[in-house]
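The sequence lines fix the lettering, A, B, ..., with proteins before strands; numbering per chain opens at 1.
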Amino acid sequence: MSQLNAMLADDKYGTKPVAPDAPLYMVEYSSPNTNKPLHLGHVRNNLLGYSLCNILAANGLRVVKTNIVNDRGIHICKSMLAWKLFGNGETPASSGKKGDHLVGDYYVRFDKEYKAQISALMAEGKSEEDAKREAPLMVEAQAMLKKWEDGDPEVRKLWNMMNEWVYAGFDETYKRMGVGFDKIYYESQTYLDGKAKVNEGLEKGVFYRRPDGSVWADLTKNGLDEKLLLRTDGTSVYMTQDIGTATQRFKQYDITKMIYVVGNEQNYHFQVLSILLDRLGFSWGKDLVHFSYGMVELPEGKMKSREGTVVDADDLMDEMVNTAKEVSRELGKLDGMSEDEISEIARICGLGALKYFILKVDPRKNMLFNPKESIDFNGNTGPFIQYTHARICSVMRKAAENGVALSGALPEDLDISEVESGLIQTLAKFPDVVAQAGAEYSPALIANYIYDLGKQYNSFYHDFSILKEEDSQMKQFRLLLSRKVANVIKTGMGLLGIEVPERM
RNA sequence: GGUCGGGUAGCUCAGUUGGAUAGAGCAACAGCCUUCUAAGCUGUGGGUCGAGGGUUCGAAUCCCUCCUCGAUCACCA
C-alpha cells in the first residue's frame, strides 16, 4: 500500500526527467529514398525509431531525432527521366495524386519500359548483361546522373521540383503516423563532405589508393574484406555518404551515442561504418549502435517495390482506420457521437492497432504481416489496451458525476485482495521495464508489459465492484488504483507513440 | 563457402541474466451482459521448445555438432 501511495504521488511515474547536461543520443531513422512512397517496411522503421527516442528520453537522456534523406543517385534519376519522357507535365495538383505516389508511379514506369527495352535487345541477340547496360533508358538515366553531379541547371530544376512533391507527400505520411524529426539531413548536402573526409583519411594513411585511382579501406585485420570508398572516377559510394553525414553531425552536436535504425540487411555495412568512423577519429564511432530490425514479410513472401507487392503506408493507415470505424459501428459504440468524434476514435484505434501490432514483436525478428488477419482488435492488440483505458476513464467519469472526491493518500492498513495486490506489484515494475527497454532498445518490452497490466486489470474489473463498493476507503482505493493503471497505460502507450482514447 | 540473425501450440508471438506443471492472443468448442464500457471475463482441447550430444541438483535458456529458413559478403543504395 505504501508502494501505491508513492506511485500516486508521482504523476510522471516511470519516467525520468531529462537534465540539461544528460548524455546526448542521436537516433537516425526513416531514411527514405525520394523516388517512391513509404511502405510497410518504412512503417516498422519509423515506429521503432520514434518509440526508441521516446523510451530513451524517458530514461533521462537527451535525444535528437534525425533523418537522412537519400535524395540523389541513379534511382532518383530513373523516376525523373520517366516523368520527363512519359509524364506530359503531370503534377500532384493536376492529377490529384499525392506527390510521393506520383513520383513512385514514374519509378515503376521506368522499370516497366526498361524491361521492355531489355527484352527487345535480347531478342536481337544481345546478352542479358549487354542489354541491361545498353538499353537507351539506362544510358539516358546515367547521363542524367552525370548532369546532376555537374550541376546542370535544367536537371537540378527538375530534381528540385520532384523532390518537393515527394517531401510534401512524406510530411503528410509522417504527420499521420505521428512521427517527426529534430534535424533532417540530405545526402545531396553531405556526400561531398564524405569525399573530403575520405581524402583526409587517405592523407593520414588510414585508407589507400589503388593504381586505378579508387580508394579503399583495408579491413582484413578486423576479419573483414576491403571496402571501396571512392570509385575509380572519384565518385562516392553509400559508405562515403554515411561518413559525410557523420562528419556534419559530429560538428553540430555533442554526441555521446549514435543509433542508426536500419534494417538488418545492412548489418555488414554498419559493422564496417563503425570501424571506419573509429579510425577517422570519431569518439562515438566504435560504439555506434546499429538498431537492426527484421523484414516485414507478407503471406506471399517478401515485398518488392518494382513488382507492386508492397503494402503502401498511406493505404495501410486508411485501411486500419476504416476497419476500426466499421468495428465500432458494429459494436454500437459510437451511438450518439458526432461524426468528428467517431472519426477521431477510429483514427486512434486504427493506428493503435497497427502500431501495437508492429511494436509488440521483438525488433530483431522478421515478422509476418497478413493484411487480412493482422488487423485485429481483440486479444493482444492495441485496441484491447486502449479499451482498458477508455473503460477506466468511464468509471472515473461516473465517479465524478456521483460526486466522489478522491483523496490523496490511502491508509496503510487497508485489507486488500490478492488480485489487487498483484496489480500493485505489476504497477511497481513499470519503472524497471522502462529502464530495461531503454537499456536494451526494446519497445516490445513496454508493449508486452502494458498488455499484461491491461489483462490483469480487466480480470480485476470483472470480479470487483468499484463504484458499488460500500466501504468508502475501499472504494477510494479501487478508484485510485484504477486511475493509476490508466495513467501507466497512457504513459506506456505514449512511449510507443500510441494514443489512448477516453471513450471508445 | 565466410559472417550474422532466426527455428517455442494449427497460425501470430511472449518467455532466453539457468529454477517448480513452458505462457498469451487468434482460430475451435463451452459458459458469462436488467449490475461501473462484453473491443471484456471464465473454462476445455492443443507443445518430445528444429535434431542429437554435453555441463548442471536443475536447461526453451549455457557449450558442441548437425538440420533448416533468412540476411549479407557489389566500382548498387
Is there a side-chain contact between [X] and the phosphate of [N], meaning an N or O under 4.0 Å from OP1 or OP2?
X      : N      : value
A:K455 : B:rC41 : yes
A:N378 : B:rG40 : yes
A:R231 : B:rC76 : yes
A:K227 : B:rC73 : no
A:R364 : B:rA71 : no
A:K333 : B:rA38 : no

**Asked** Which way is the base of B:rC32 turned, syn or anti, if we draw the line at 90° from 0?
**Response**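 Here the answer is anti: the torsion falls beyond 90° from 0.
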For the pair made of [atom1] in [X] and [atom2] in [N], what is the distance, rounded to whole Å?
X      : N      : atom1 : atom2 : answer
A:Q436 : B:rU16 : CD    : P     : 8 Å
A:N70  : B:rA77 : CG    : P     : 10 Å
A:K78  : B:rA77 : NZ    : C1'   : 10 Å

Looking only at the side chain of [X] (C-beta and beyond, no hydrogens), which of the listed nucleotides [options] gets closest?
X      : options                : result
A:E187 : B:rA38, B:rA77, B:rC73 : B:rA77
A:Y461 : B:rG7, B:rC76, B:rU37  : B:rU37
A:N366 : B:rU37, B:rG70, B:rC13 : B:rG70
A:L368 : B:rC13, B:rC36, B:rC75 : B:rC13
A:N448 : B:rA14, B:rG40, B:rU12 : B:rA14
A:Y451 : B:rG25, B:rU12, B:rA39 : B:rG25

Base, sugar-phosphate, or nothing: which does [X] touch, judged by heavy atoms less than 4.0 Å apart?
X      : value
A:F384 : sugar-phosphate
A:Y191 : nothing
A:E401 : nothing
A:Y238 : base
A:D362 : sugar-phosphate

With a 3.5 Å cut-off and just heavy-atom distances, do the side chain of [X] and the base of [N] make a donor-acceptor pair?
X      : N      : result
A:S394 : B:rC36 : no
A:N380 : B:rC26 : no
A:S328 : B:rA39 : yes

**Asked** Any salt bridge between A:E401 and A:R397, counting N to O under 4.0 Å?
**Response**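 No, this pair does not count.
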**Message:** Go through it in stages, so that I can follow the logic: the residues are A:Q117 and A:M138, the test is side-chain contact (heavy atoms from CB on, under 4.5 Å), and I'd like the CA-CA distance, side-chain angles, deciding distance and then a yes or no.
**Reply:** CA-CA 10 Å; A:Q117 290 186 351; A:M138 184 51 82; over 6 Å; no
**Pairwise 5' ranking along RNA chain B for A:F460 and A:A444, keeping only the more 5' one** =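 This one resolves to A:A444.
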**Request:** Tell me which of A:M295 and A:S214 sits closer to the 5' end of RNA chain B, going by the nucleotide each one is nearest to.
**Result:**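 Taking each residue's closest nucleotide, the earlier one in sequence belongs to A:M295.
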